[in-house]
Amino acid sequence: MSELKIYNSIHRQKEVFTPITPGHVGMYVCGPTVSGESHLGHARPYITFDVVNRYLRFLGYKVRYVRNITDAGHFEEEGREAEDKISKKAILEKLEPMELVQKYTNLYHWAMLQFNNLEPSIEPTATGHIIEQIEMIKKIMEKGYAYEVDGSVYFDVKKYAASYDYGILSGRVLEDMLETTRELEGQDEKRNKADFALWKKAPPEHIMRWPSPWGEGFPGWHIECSAMSAKYLGSQFDIHGGGMDLQFPHHECEIAQSEIAHGELMARYWMHNNMITINGRKMGKSYGNTITLTEMFSGNNPQLEKGYSPMVIRFFVLQTHYRGTLDFSNEALQAAEKGLQRLWAAYEVLQKLTYSSNGQPINEELDKQVRQLCAELPDFMNDDFNTAKVMANLFELAPVINSLKGGQIKMHEISEDTFQLLQYSWKTYLVDILGIQMEVLGTDEDKLDGVLQMLINMRKEAKARKDYATSDKIRNELLAVGIQLKDEKDGSVSYSIVQD
RNA sequence: GGUUUCAUGGCCGAGUGGCUAGGCAGAGCUCUGCAAAAGCUCGUACAGCGGUUCGAAUCCGCUUGAAACCUCCA
């Protein structure tokens, strides 16, 4: 079998994955800022890295997956007073800052559950690690790469760049940046434009504030990920993931801080997922074209023709390679919905099939083809998590499964081993690794099934006496409430719940 | 302005120096009381212009178009 290769953003090439500690993987992924509701764009990294997590586990690695929650609103805008995004919004909504944080954290967790994302091993919060962040800033100051101005602390990028490679991740050149960045509007305590805040002094109206050696304030944006990843994964770990838009400045700054504080490159493999676009444009707050996840599910957004279930979105995301942009459109989502239904139907059929052979000969060509399609699956995953190709092969196998059921292909035409490989492959790749899981009916399932069987029998009786008006009425009215009947070849009737 | 990336059939999207991606939509056929589902078959794409090559959509150059990052952003 092939080796796992990961496209490492820092070297701009695919590299064989070798963990620092054999058998173990430390992975850090930048999580959400819980000052608002997650939108479709946010879903991509969480789904992408969920599959990475799942696949690494499948390969037998013991994975420690850390995904943070940024609950300390902190950022600075050039030319303006530093402001606290979270406390600002909190005033608008008349909520305590932590109340707001809790609300959106809960909503986020709920969405992750809907997507069938496995929970991270550790989900640290920024506010829970203020001490670690302060300690790390102190260390950077001791080394002489940070300076304090009026209660704020800045990282000295120019000094850092003199001895280290600032731009190693993003490919940026410091000189270019110094020349090309925008005009300052008055404020600047920073020695250089490229310097970034490690700690910011809190203005009086700022609600979220903590005591520090430099007075009351709050941590800079980049420091939390460096401090928390080091605490739980060590000063160097295996994989750092996040969206492409975080590559600069966020990840570049993380690297610089961590290098000074811990003396080594913080992560060995950097993975960046590409953006979701809408009408060719990145979905983002600044463009005002976001669709929140609850809107996606409900369809309550002018850009949506209807709601799409979380699994449809997961499927939609995984049908594309994670490094490519993914263009949102209703047509594409509806295509994904149909595709998912077909794939899942085939999966359910496959799980119910049992192997039997009466000693008749195997169709060697077919048997070989099925084995090959299954055998390629790990190769695709190993090739930088090519979920799109995995999907394609599953789709190619679907007609075989359906034919096995429909009788176009007889079971004896494939060997028992091949059949078992087929069942195993679908369960493993579709369900365990891609994480596709259609919601099972709740506890009322038995009752619903009982009612449906009754209706199916009534329809059968009507058909037997050629009362098609009645049989069609039953079928059509069930369809209207979202239950599709299917007349099988053997005369039995099955049903499926239509996704909406 | 700087840095970088991308350009594939009606739509979404893989991939590769020469061999069918796949899905959705569409057409025909089979099955069926009808329908749905399912099965079979079909379109024959790779922005434009040059170049390298026996051969390029895949490599190089130019042109055009689009996007991302440089500022909070997944």
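To find a chain, count down the sequence lines: A is the first, B the second, and so on, and within it residues start at 1. In what follows, every heavy atom counts, from backbone to side chain, and hydrogens, waters and symmetry copies are set aside.
Distance A:Gln372 CD to B:U20 C1': 13 Å, rounded to the nearest Å. In this structure, A:Trp270 places its CH2 atom 16 Å from C1' of B:C69, rounding to the nearest Å. Rounding to whole angstrom units, NZ of residue A:Lys405 and P of B:C31 are separated by 19 Å. Computed from coordinates, the A:Asp467 CG to B:G33 C1' distance equals 12 Å when rounded to whole Å. Atom CG in A:Asn330 sits about 18 Å away from atom P in B:C24, given to the nearest Å.
Neither OP1 nor OP2 of B:U4 sits under 4.0 Å from any side-chain N or O of A:Arg172. Phosphate contact (OP1/OP2 of B:A68, side-chain N/O of A:Tyr287, threshold under 4.0 Å): present. For A:Asn273, no side-chain nitrogen or oxygen approaches OP1 or OP2 of B:A74 to under 4.0 Å. The phosphate of B:G15 has OP1 or OP2 within less than 4.0 Å of a side-chain N or O from A:Asn386. The shortest distance between the side-chain N/O atoms of A:Lys285 and the OP1/OP2 oxygens of B:A74 is below 4.0 Å.
For the pair A:Glu37 (side chain) and A:Thr294 (backbone), a donor-acceptor distance under 3.5 Å is present.
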Q: Please report the C-alpha distance between A:Thr70 and A:Asn68 in whole Å, then the side-chain angles of each, then the deciding distance to 0.1 Å, and finally whether the side-chain hydrogen bond (donor to acceptor under 3.5 Å, both in side chains) criterion is met.
A: CA-CA 6 Å; A:Thr70 299; A:Asn68 70 297; 3.1 Å; yes

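In this structure, A:Lys463 reaches the bases: a heavy-atom distance under 4.0 Å links it to at least one base atom across the strands shown. When heavy atoms are screened at a 4.0 angstrom cut-off, A:Ser286 is found touching base atoms of the nucleic acid.
By the stacking rule of 5.5 Å between ring centres and under 30° between planes, A:Phe395 does not stack on the base of B:G23.
Side-chain atoms of A:Arg475 come within donor-acceptor range of the base of B:C34, with a qualifying N/O pair under 3.5 Å.
Side-chain polar atoms of A:Glu337 and A:Gln341 form no donor-acceptor pair below 3.5 angstrom.
With P as the reference atom, B:G22 and B:U41 are 11 Å apart, rounded to whole Å.
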